[in-house]
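A short worksheet on the structure shown next.
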Amino acid sequence: MTNKTTSNTNLNQLKERVVLVTGAGDGIGRAAANCYAENGATVILLGRTLKKLESVYDEIVNSGSPEPLIHPMDLLTATPQDYDDLAEAIKQELGKLDGLLHNAGILGKKAPIASYDPNTWCEVMHVNVTAQLMLTQAILPLMEESDDASILFTSSGVGRKSRAFWGAYAASKFATEALMQTLADELEGISNIRVNCINPGATRTRMRAQAFPAEDIKKNPAPEEIMGLYLHLMGPAGKNIHGQSLDAQNWNAPNPSQ
Ligand code: NAP
């Protein structure tokens, strides 16, 4: 069973917060951007395809949520200076950053290790891991100024137990789990920033269709249906959760009366 989420019985959970979402133009990132905005956040939409970001911008504005900002950026080619410029732009325009969802990712090719193309390997590792490192480094000082900040990384089932032919993608998701755990341990007890990983599980997106072309994609939940955990960990309700890797599907919100 999947949790029907945006489960926004309590809207405004992210009121007056500023949240940056990577890969916000499509799939899970698009749903998260809409969910966060619907809950009162000013969302910075980061992605590589301007047209898709503009379409999400329109969705958010038309729903009456706070106006988002668009920040086109290709994580494959962005330099440390580009990340520093982004952090500075957020500081100048919005004054703070309370949340970061590292969501953008690429699959690369499913192929045996024996013949895995090293260039594809490097591209997947760069977009899925190194870009997250550089973005995190650039925005940490700004997030340190927030009273309650949340950084979320995106993992995968093959980031915990790999399988044949998942090559660079699986390695990148293991590395993502390690990056999250290392950062969480470094910030433990000395920071207001909490750091966690989400495994979305099989979700109805372009990447899932690419990974499983023969599958009936409709059997998987839509991104909007798995947003409960994304919202919980980003907002004040998840304040005590740190250094964990959780599954978005079959996740049940804790009962506040317990
Ligand atoms: P998706 O629909 O393919 O969306 C991926 C997003 O990442 C797109 O917005 C894409 O932008 C962006 N992106 C890719 N390369 C980029 C780059 N170089 N620079 C900037 N943005 C870039 O995939 P998804 O299924 O929503 O995946 C979201 C996350 O969930 C990924 O980290 C994925 O590994 C993870 N995940 C997904 C599933 C699943 O079943 N769907 C399962 C486990 C984990 P464009 O649209 O412009 O290309």
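Just so you know, residue 1 is the first one in the sequence shown, and it goes up from there. Predicted model only: the values in this text are computed from it and were never measured. One-based numbering, in listed order, for ligands and for the atoms of each.
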for atom 42 (C) of ligand 1, nearest protein heavy atom and its distance come out as G201 O, 3.4 Å
Margin query: Could you check whether S63 and S65, counting side-chain N and O atoms only, form a donor-acceptor pair closer than 3.5 Å?
Written below: yes
for atom 40 (O) of ligand 1, nearest protein heavy atom and its distance come out as T203 N, 2.9 Å
**Prompt:** Can you find a side-chain donor-acceptor pair between N34 and E59 that sits under 3.5 Å?
**Reply:** yes
Among R204, R208, M73, R48, closest by heavy atom to atom 16 (C) of ligand 1 is R48
**Request:** Tell me, yes or no, whether the heavy-atom count around K91 atom NZ, taken from other residues, nucleotides or ligands under 6.0 Å, exceeds 12.
**Result:** no
Q. So, D247 and N199: side-chain donor and acceptor under 3.5 Å apart, yes or no?
A. yes
If we number the atoms of ligand 1 from 1 as shown, the ones under 4.0 Å from a heavy atom of L76 are 18 (N)
Note: heavy atom closest to atom 13 (N) of ligand 1, options A211, A104, G47, A248, belongs to A104
Quiz item: What about L75: any of its N or O atoms under 3.5 Å from an N or O on ligand 1?
Solution: yes
Q) Going by distance alone, is a donor N or O of one side chain under 3.5 Å from an acceptor N or O of the other, for Q137 and D84? A) no
Per-atom filter on ligand 1: closer than 4.0 angstrom to a heavy atom of G27 are 2 (O), 26 (O)
For A202, the ligand 1 atoms with a heavy-atom partner under 4.0 Å come out as 40 (O)
Per-atom filter on ligand 1: closer than 4.0 angstrom to a heavy atom of I106 are 14 (C), 15 (N)
closest protein heavy atom to atom 44 (C) of ligand 1 is S155 O, 3.2 Å
Looking only at protein heavy atoms, what sits closest to atom 25 (O) of ligand 1 is T205 OG1, 2.5 Å
A student comparing G23, G29, G105, A32 should find that the heavy atom closest to atom 14 (C) of ligand 1 comes from G105
Would you call K173 and E177 a salt bridge, taking side-chain N to carboxylate O under 4.0 Å as the test? no
To atom 37 (C) of ligand 1, the nearest of V21, L101, D74, I28 on a heavy-atom basis is I28
Verify the distance criterion only: is there a donor paired with an acceptor across the side chains of S191 and E144 at less than 3.5 Å?
yes
Worksheet item: Can you tell me if E88 and Q92 form a side-chain donor-acceptor pair at under 3.5 Å?
Response: yes
Under 30°, 30 to 60°, or over 60°: which ring-plane class applies to H102 and F153, parallel, tilted or perpendicular? parallel
With heavy atoms and a 4.0 Å threshold, my read on which part of Q210 contacts ligand 1 is neither
Do R30 side-chain atoms and G25 backbone N/O form a donor-acceptor pair below 3.5 Å? no
Atoms of ligand 1 under 4.0 Å from any heavy atom of K52, numbered from 1 in the order shown, are 45 (P), 46 (O)
Of all protein heavy atoms, the one nearest atom 32 (O) of ligand 1 is N103 O, 2.8 Å
Side-chain H-bond candidate by donor/acceptor type, D82 with T79, under 3.5 Å:
yes
Regarding S245 and R160, is there a side-chain donor-to-acceptor distance under 3.5 Å anywhere? yes
Closest to atom 34 (O) of ligand 1 among protein heavy atoms sits Y169 OH, 2.6 Å
Looking at H102, M207, R30, the heavy atom closest to atom 23 (O) of ligand 1 belongs to M207
protein heavy-atom neighbour closest to atom 3 (O) of ligand 1 works out as R206 NH2, 3.2 Å
Of all protein heavy atoms, the one nearest atom 35 (C) of ligand 1 is T154 CG2, 3.5 Å
